[in-house]
Number of protein chains: 2
Amino acid sequence: MATMQEVATRAGVSIATVSFVVNGTKRVSPATRERVTAAMAELGFRNNVVARALASKRTRIIALLHPALEHRLGSTSMKFFMSAANRASELGYHLVLWPVVTGPDELRDLLSGGLVDGVVVMEVKMEDSRIERLTDLRVPFISIGRTADTTHLPFVDIDFEKTMEDGLDYLTGLGHRRIGLVIEDLEGTSMAGYAPHIRSERTFRESMTRRGLLPHVVTCGPGAAGGRQAAADLLATEPDISAVIVMKDDSAFGLVRGLSTAGRRVPDDVSVLSIASSDEAGAQSEPVLSTMNAPGHELGKLAVEALIEQLDGAAAPDAELPHLLLPCLLHVAGSTAPAPA
Amino acid sequence: MATMQEVATRAGVSIATVSFVVNGTKRVSPATRERVTAAMAELGFRNNVVARALASKRTRIIALLHPALEHRLGSTSMKFFMSAANRASELGYHLVLWPVVTGPDELRDLLSGGLVDGVVVMEVKMEDSRIERLTDLRVPFISIGRTADTTHLPFVDIDFEKTMEDGLDYLTGLGHRRIGLVIEDLEGTSMAGYAPHIRSERTFRESMTRRGLLPHVVTCGPGAAGGRQAAADLLATEPDISAVIVMKDDSAFGLVRGLSTAGRRVPDDVSVLSIASSDEAGAQSEPVLSTMNAPGHELGKLAVEALIEQLDGAAAPDAELPHLLLPCLLHVAGSTAPAPA
DNA sequence: CTTATCCAGTAAAGCGGTTAACTGACTTTT
DNA sequence: AAAAGTCAGTTAACCGCTTTACTGGATAAG
């Protein structure tokens, strides 16, 4: 690969001039610029990213941190990732998915090594040590999801509170009064304290109570099997249940089947609303699930924009931290219907 | 962050010595080693990855290239990714998922820039320009999946041929004679020429013919809806079909529902076998699908090992290229049964 | 006609490491 | 006892690019 020095020699200029041409850092006369450009083309010059990074202390690489192994990337996360990657690319950055395998030290290496300009954190828990670590390391970052305390946290997140309220508005609007919530049980796993679950459950309980209704909450095991069991558990507690909100695609699929097995027709006897999901996921079930779609695309875009603004120093030093909340949007399909008489 | 020079000063040695301690590149007396180690600990020294990369021309980073947007990461790919990342980590490398957004130039930048030591390519088509490009750039790489011509291609892949034979052995062993194949139609999409589909279909046709049976092949649209339609199409062609092999999870879910809608019970009337799938995916359907499980875990591990062997120069210069094929393993669940009389 | 300003371009000092070649003291060999 | 090895450490030349300070000629101002 041709180096900058070779280009300089060939164009009969100094290496600095080449650098100015490449980066547009300083004015160069049209004539020399032309010579340099030609030389670059002839030699097939490519700027060495590593050398540039060392000298300038910027790589234009953003890492999307992903807790490896645990929790596989759902379609929502994937959408988010793609959207973020595209937006980053438009803004001249690379967004890579970095599975943090070995724990905090690996993180430290990348960051203090200067390999990465900034970080996006996902799958955040109510208390999350990674956040503190990033703050300590003074790495520019943004979080997808919020910890319990958000005062010093730049984040974008799904507005689970509003999503839940909207969902309940919709269901009660259909006449439902006995409504259950199915949430995967993460206690004991590495995802214990996962914020979306906790917020959703809390809001569900509060909102139901406020509406003068009894909150029926059932936790379940992982996968479709867990959802299936949840149906049985729920019906055992409250046989007259007429609507269920469920928080994970797997669980939702299992839930619907569990309800059928128990002789409840969906949506005639029991309505099912899958939240923080997507059209595509909903379409995998029969009947097609009514969903509240996670705004993965928008969140990805916004997260990257906020982070890059911070990186490029476009944001005022003491500007307010980004605190963006977007609710899931209701998409009515075949799994919800008016409450049975 | 403390630099190596600072550590050296503090320990009263030269910077080279510190480097030797850090990398174990040269013998250092226990006494000095101890002083250096202590100094590093006190200063919280972290090796600067970028500087190291520039000087040594190695980053110990491997990029898993992913064609952005197109084809979202299925659970098989994800398993593969995780397994590869873990194995890489064990071997002292980082494996990151790099969505190539802007096309070949981006690729070129990373590689000629020396940001990445090697590359893993996935979602390979029968003719794939990326392979040629990587060869041209002389970047060490390994492919998950094979192009049509594999003479110069280092790869690991699912043995679709054997998988299909095994699947057909199993089904014919159950007495099935009228067997269909459902494959998603990718013509006209960016994934046209996707190797797994082509190999599977070809082997299906050949093997069926060899067995003296008629190969019923139906292509379908994307998602569950496509699979559903495929059921109708297949029954229109061959109403007495008694078994169907299907190649994608989405399609499989839709297919099962489509069959039910058409009044066929699974598995009593029609058996369904989902290939290149996984237990977890199969469990999302009702009845639980019999699957042939993609060896994502093994492939990820093997791919990374082969690549790193190449990187570390452990392989002889003219050693044979890795050509590894692993079949999917049959996992019998609830969607297959003996052929009806 | 000076002196002050511009301007395009250059020289050179890093950025934080790696590594080949070298040094000097001490141990073996013959 | 002289020649030859060992061995732990050091020196210094890179790796390829960025960026600040500087130069010298051309133009504008006084």
Side-chain angles (χ1 to χ4, degrees), chain A residues 1-37 39-40 43-61 108-117 313, chain B residues 1-37 39-40 43-61 92 108-117 312-313:
Chain A
M1 280 302 117
T3 74
M4 203 170 252
Q5 180 59 65
E6 292 170 332
V7 173
T9 309
R10 185 155 231 260
V13 297
S14 79
I15 180 177
T17 305
V18 178
S19 175
F20 297 144
V21 169
V22 170
N23 302 300
T25 329
K26 215 181 139 189
R27 178 145 285 112
V28 172
S29 78
T32 13
R33 172 195 309 291
E34 177 51 40
R35 296 218 313 287
V36 171
T37 315
M40 294 199 301
L43 268 47
F45 171 77
R46 301 261 100 206
N47 204 333
N48 182 315
V49 191
V50 174
R52 183 224 283 268
L54 180 57
S56 68
K57 309 205 156 294
R58 304 210 40 193
T59 59
R60 304 191 76 84
I61 295 178
R108 210 188 190 90
D109 274 349
L110 310 176
L111 302 172
S112 43
L115 228 183
V116 153
D117 288 348
Chain B
M1 280 301 117
T3 73
M4 202 170 252
Q5 181 57 66
E6 292 170 336
V7 173
T9 309
R10 179 149 212 189
V13 298
S14 80
I15 180 177
T17 304
V18 178
S19 177
F20 297 144
V21 169
V22 170
N23 302 301
T25 329
K26 222 183 132 186
R27 176 145 287 111
V28 171
S29 76
T32 3
R33 173 195 308 293
E34 178 51 41
R35 294 218 315 287
V36 172
T37 315
M40 292 200 301
L43 268 45
F45 171 77
R46 302 262 98 206
N47 204 333
N48 183 316
V49 190
V50 175
R52 184 224 283 266
L54 180 58
S56 68
K57 310 208 158 291
R58 306 210 37 194
T59 58
R60 305 190 76 84
I61 294 180
R108 207 185 191 93
D109 275 349
L110 309 177
L111 302 172
S112 43
L115 229 184
V116 154
D117 288 350
D312 287 346

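Note that this is a predicted model, so its numbers are computed, not measured. Here is the naming used below: chain letters follow the sequence lines, and residue numbers restart at 1 for every chain.
Among the atoms of the strands shown, only primed sugar atoms or phosphate atoms (P, OP1, OP2) are found under 4.0 Å from some heavy atom of A:V13. Within the 4.0 angstrom heavy-atom criterion, only backbone atoms of the sugar-phosphate kind lie near B:S29; the bases stay farther away. As judged by a 4.0 angstrom heavy-atom cut-off over every strand, B:V22 is placed among residues making no nucleic acid contact.
We find that CD1 of B:I15 is positioned 12 Å from C1' of C:dT19, with the value rounded to whole Å. Regarding A:L115, its CG atom lies at a distance of 13 Å from the P atom of C:dG17, rounded to whole Å. When the C1' atom of C:dC15 is taken as reference, atom CG of B:N48 falls 8 Å away, rounded to whole Å. Rounded to whole angstrom, the span from the CZ atom of A:R52 across to the C1' atom of C:dG14 amounts to 17 Å. If you take CZ of B:F20 and P of D:dG9, they are 11 Å apart, rounded to a whole angstrom. Rounding to whole angstrom units, CD of residue B:Q5 and P of D:dT11 are separated by 10 Å. Summarising the geometry, the separation between CZ on A:R58 and P on D:dT19 is reported as 10 Å, rounded to the nearest angstrom. Atom P of nucleotide C:dT18 and atom CE of B:M4 are separated by 4 Å, given to the nearest angstrom.
Taken from OG in B:S29 to CZ in B:R35, the straight-line distance is 7.5 Å, to the nearest 0.5 Å. Here the OG1-NZ distance, from B:T17 to B:K26, works out to 8.0 Å after rounding to the nearest 0.5 Å. Atom-to-atom distance recorded for B:D117:CG and B:S56:OG is 8.0 Å, nearest 0.5 angstrom. Considering CG of B:N47 and OG1 of B:T3, their distance stands at 10.5 Å, rounded to 0.5 Å.
With distances taken from any side-chain atom of B:F45 to the nucleotides C:dG9, C:dG17, C:dA11, the minimum falls on C:dG17. For B:L54, the side-chain atoms get nearest to C:dG16 when compared with the rest of C:dG16, D:dT19, D:dT18. The side chain of A:A55 sits closest to D:dT18 out of C:dA11, C:dT18, D:dT18. Of all nucleotides listed (D:dC15, C:dT18, D:dT19), D:dT19 comes nearest to the side chain of A:T25.
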Audit row: B:R33, B:V36, side chain to side chain contact (heavy atoms under 4.5 Å, CB included) steps and yes/no: CA-CA 5 Å; B:R33 173 195 308 293; B:V36 172; 5.8 Å; no
Chi angles and distances behind the side chain to side chain contact (heavy atoms under 4.5 Å, CB included) call for B:V13, B:V28: CA-CA 11 Å; B:V13 298; B:V28 171; over 6 Å; no
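Here A:S19 does not reach the OP1 or OP2 of D:dC17: none of its side-chain N or O atoms lies under 4.0 Å away. Residue B:T3 has no polar side-chain atom (N or O) positioned under 4.0 Å from OP1 or OP2 of C:dG16. The phosphate of D:dT20 (OP1 or OP2) has no side-chain N or O of A:K26 nearer than 4.0 angstrom. Listed pair B:R27 / D:dC7 fails the phosphate criterion, with no side-chain N or O lying under 4.0 Å from OP1 or OP2. Taking only side-chain nitrogens and oxygens, A:N23 comes nearer than 4.0 Å to OP1 or OP2 of D:dT18. A:T32 has a side-chain polar atom (N or O) that falls below the 4.0 Å cut-off from OP1 or OP2 of C:dG9. Residue B:K57 has a polar side-chain atom (N or O) positioned under 4.0 Å from OP1 or OP2 of D:dG16. Distances shown here put every side-chain N or O of A:S56 at or beyond 4.0 Å from the OP1 or OP2 atom of D:dT18. In this model, the phosphate group of C:dA8 is not approached by any side-chain N or O of A:T17 to a distance below 4.0 Å at OP1 or OP2. One finds no side-chain N or O of B:N47 lying less than 4.0 angstrom from the OP1 or OP2 phosphate oxygen of C:dG16.
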